[in-house]
Amino acid sequence: MTDIALQTRGLGVKYGNFHALAEVDLQIRRNSVHSIIGPNGAGKTTLFHALTGRVRASSGRIELDGRDITDTSDDDRVRLGIARSFQVTSLFPNLALRENLRLAAQGRTPWQALAPWRRAEANAEALAIADEVIERLALAPVSNRLAGELSHGQQRRLEVGMAMAARPRVILLDEPTSGMGIDDIEAMKQLIRDLGRDHTVLFIEHNMGIVMNISDVVTVMRLGRKLVEGTPAQVRDDPEVQRAYLGNMITGDIA
Ligand SMILES: Nc1ncnc2c1ncn2[C@@H]1O[C@H](COP(=O)(O)OP(=O)(O)OP(=O)(O)O)[C@@H](O)[C@H]1O
């Protein structure tokens, strides 16, 4: 198996005649935290849509573990191991946190998962995965609480956990800290950093403090193209990057 979990070659996406993404070559290393940054309209969300199959590539190719998935449907990509955690909440509010994770581990709807013919071993395995994820999320004290009653920050962490429970090859996180208070941001930052030890994480983030602190690799995009890529230190010091941000200094501690 190669060291590269997800790769794009010459990836392009057009909305009508508009090139939202052009000639993007990306290599996402296994068990790393790779962040995508760039000014508004840079094409970050479009890149995620292309990787998950929500929009079609108009040129280039996408490979997951060396396998060409460019023409694979979004559902099949989930089955092949691309998990995306959305900004909008995708939890079952009337089920306990642990139940939410159990369902995610089984990859089923609540209706199917509650069915009496469900195999007991499959259930036990899903619960074991749920408990493992609860530990990683540091949410054990509230694991029996209804998802709808959790704090905003806890719900956001649970969303990441839902993606983890499906045991994906790659986890895509779209602005995981948006709208969070400072304590919740710190908890999310630790979670993502910890995830990178044994998961492959690709995330879009506007909070430069987090990006610079926890990323192994940072890709900077502008106008649908890759502008610069490197370690946080390389990216922070790059004059092109400073220009792309129109003088807004990229700050933040580098781990
Ligand atoms: N469905 C669409 N139809 C036409 N143009 C679109 C569509 N979605 C996005 N665009 C355009 O494509 C470009 C890239 O948008 P995208 O949302 O991918 O950028 P982004 O980097 O995620 O921006 P932001 O940080 O503001 O979320 C923008 O110019 C946007 O206006």
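Numbers here are sequence positions counted from 1. Indexing begins at 1, ligand by ligand and atom by atom, following the structure's order.
When hydrophobic clusters are built by joining Ile, Leu, Val, Met, Phe, Trp and Tyr residues whose side-chain heavy atoms come closer than 4.5 Å, directly or via intermediates, Met208 is grouped together with Val228.
The side-chain hydrogen bond (donor to acceptor under 3.5 Å, both in side chains) pairs that include a residue from residues 10-19 are Tyr15-Thr46, where partners are two or more places apart or lie in different chains.
Once rounded to the nearest 0.5 Å, the distance linking CZ of Arg145 with CG of Leu97 reads 10.0 Å.
Taking the charged nitrogens against the carboxylate oxygens, Glu175 and Lys44 have no contact shorter than 4.0 Å, which rules out a salt bridge.
In this structure, ligand 1 sits under 4.0 Å from heavy atoms belonging to Tyr15, Phe18, Ala20, Pro39, Asn40, Gly41, Ala42, Gly43, Lys44, Thr45, Thr46, His206.
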Test Ser73 against Asp75 for side-chain hydrogen bond (donor to acceptor under 3.5 Å, both in side chains), laying out the working first. CA-CA 5 Å; Ser73 72; Asp75 284 346; 5.5 Å; no
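Residue Thr177 is tested with Glu205, His206, Arg156 for a side-chain hydrogen bond (donor to acceptor under 3.5 Å, both in side chains); the sole match is Glu205.
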